Amino acid sequence: MRAGLAAALLLAGAGTLWAAAPAGKAKSPATPQRIVSVNLCADQLVLALADRGQIAGLTHNAADAELSAASAKARGLPLLGNSAEQILAIDPDLVVGMPASRSAALAALPGRTYPLLDLDTADRLGQIYASIRATARAVGHAERGETLVAKMERDLAGLPKPGRGRVAAYYQRRGYMTGTGTLIDELMTRLGLVNLAGKLGKPPLSQLSLEEMVAAQPDFLIVESATDTITDQGSEMLHHPALKNIPRISIPQAWTVCGSPEYTVAARSIARQIAAIDGGRR
């Protein structure tokens, strides 16, 4: 289940946040008091921008540290399944989702109209900023969105491009590789790296065999930190001796699977790890 969910999110961008678009007929109050999120990525925006007392329900993945960078904040808050009955009982005054208007739980409630904030996929930093601002306005705290965007801009200011045109592959369990048009690809470009998937003409999510990866010989492998140790067959292939000489950059999946404010954390960590690798080669 976990691998399937992660693969589905990675297909959308190996770390995609969701940009806001207007939807829904009902009007949300200026400061909604019963906010429900029906998507993992929306969970993280709501947790970052709403008061804790405003949050009436998050997805059950919100507290999963492997998938959500905001899992600690989600502890103690109501976690919902894909249940129409739970939403009906809450009677939310704002539903946030990907998009909220296509939620199966809401579709099972014909005749019930809730204020909605629809969120669409984004694969650029500017779209992340737009999502933050739109969500902040929707939850009644526009100033928090501006503060968060300003912090992210500061964190990225002067970020070096240590990649210097070298090739990297975001390589995952069972040989999945993330391609262009994704947030991971945007991160690579920002840091001066070239995405191996783009060089090979691969789609946003593809599989590359061990033999193909060895033949390609990228300068770096970017991997999920959960695969730093062998826990299953999927992670075992990442530890094959044929890959041992390719320098490895390790980051938590939760930093990138939804983009989120952790975009800047991921960028700075990758830059530091490249610098450390280069320093060790001297």
Side-chain angles (χ1 to χ4, degrees), residues 9 12-13 15-64 67-74 77-80 87 90 92-103 105-106 113-156 183 186 254-266:
L9 289 167
T16 50
L17 195 59
W18 314 103
K25 297 178 181 178
K27 185 177 180 180
S28 177
T31 306
Q33 298 302 314
R34 298 181 307 282
I35 301 170
V36 166
S37 168
V38 292
N39 169 256
L40 169 67
C41 300
D43 291 338
Q44 297 179 61
L45 285 175
V46 169
L47 284 163
L49 297 163
D51 289 340
R52 191 172 180 84
Q54 291 178 269
I55 302 172
L58 302 167
T59 73
H60 67 278
N61 290 309
D64 186 331
L67 293 175
S68 173
S71 60
K73 292 183 180 179
L77 290 171
L79 302 181
L80 311 179
I87 292 177
I90 291 170
D93 50 12
L94 179 64
V95 179
V96 187
M98 178 199 69
S101 55
R102 293 185 186 174
S103 163
L106 292 179
T113 303
Y114 301 110
L116 306 179
L117 178 62
D118 271 350
L119 302 172
D120 299 323
T121 60
D123 53 27
R124 292 293 180 268
L125 181 60
Q127 294 170 311
I128 295 177
Y129 291 159
S131 297
I132 290 171
R133 288 179 167 125
T135 305
R137 288 194 299 270
V139 302
H141 302 292
E143 75 289 350
R144 293 180 188 173
E146 296 304 323
T147 298
L148 181 53
V149 168
K151 180 182 183 302
M152 292 178 69
E153 289 175 336
R154 289 194 303 271
D155 288 346
L156 292 173
L183 203 60
E186 202 261 6
W255 286 358
T256 60
V257 75
C258 286
S260 83
E262 265 59 38
Y263 174 97
T264 58
V265 180

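Reckoned from all heavy atoms, side chains included, excluding hydrogens, waters and symmetry mates. Note that the structure is a prediction, hence the values are computed from the model and not measured.
Nearest approach of Leu119 to Ala42, heavy atoms of both residues: CD1-CB, 3.6 Å. Closest approach of Leu117 to Ala138, counting heavy atoms only: CD2-CB, 3.8 Å. Across Ser260 and Trp255, no two heavy atoms sit closer than the pair OG-O, 4.4 Å. Between Ile55 and Ala50 the shortest heavy-atom distance is CG1-CB, 4.2 Å. Nearest heavy-atom pair, Ala63 versus Leu79, reported as atom, atom and distance to 0.1 Å: CB-CD1, 3.8 Å. Pairing each heavy atom of Ala62 with each of Ala74, the nearest pair is O-CB, 3.5 Å.
No donor-acceptor pair closer than 3.5 Å links the side chain of Arg144 to the backbone N or O of Ala48. A distance-only check finds a donor-acceptor pair linking the side chain of Asp43 to the backbone of Thr59 [under 3.5 Å]. At least one donor-acceptor pair under 3.5 Å links the side chain of Asn39 to the backbone N or O of Cys41. The main-chain N or O of Pro32 is never found under 3.5 Å from a side-chain atom of Asp93 such that the two would form a donor-acceptor pair. Gln54 places a side-chain N or O within 3.5 Å of a backbone atom of Val139 that can act as its donor or acceptor partner. The main-chain N or O of Ala100 is found under 3.5 Å from a side-chain atom of Asp118 such that the two form a donor-acceptor pair.
Contact check for Asn61 versus Ser68: no side-chain heavy atoms found under the 4.5 Å cut-off. For the pair Leu94/Val46, no side-chain contact is recorded, criterion being any heavy-atom separation below 4.5 Å from C-beta on. Between Ser131 and Leu45, some side-chain heavy-atom pair lies under the 4.5 Å cut-off. Taking 4.5 Å as the limit, some side-chain heavy atom of Leu77 sits within range of a side-chain heavy atom of Arg52. Inter-residue side-chain proximity for Ile87 and Tyr114 is flagged as met; some heavy-atom pair is nearer than 4.5 Å.
Taken from CD in Gln44 to OG1 in Thr135, the straight-line distance is 11.5 Å, to the nearest 0.5 Å. Here Glu146 contributes atom CD and His141 contributes atom NE2; the two are 14.5 Å apart, rounded to the nearest 0.5 Å. In this structure, the separation between OH on Tyr263 and CG on Leu125 is 5.0 Å, given to the nearest 0.5 Å.
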Could you list the donor-acceptor pairs under 3.5 angstrom formed between side-chain atoms of residues 147-154 and any protein atom two or more places apart in sequence or on another chain?
| from | atom 1 | to | atom 2 | distance (Å) |
| --- | --- | --- | --- | --- |
| Thr147 | OG1 | Glu143 | O | 3.0 |
| Lys151 | NZ | Asp155 | OD2 | 2.9 |

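The only option from Leu80, Val96, Leu106 that meets the side chain to side chain contact (heavy atoms under 4.5 Å, CB included) definition with Val36 turns out to be Leu80.
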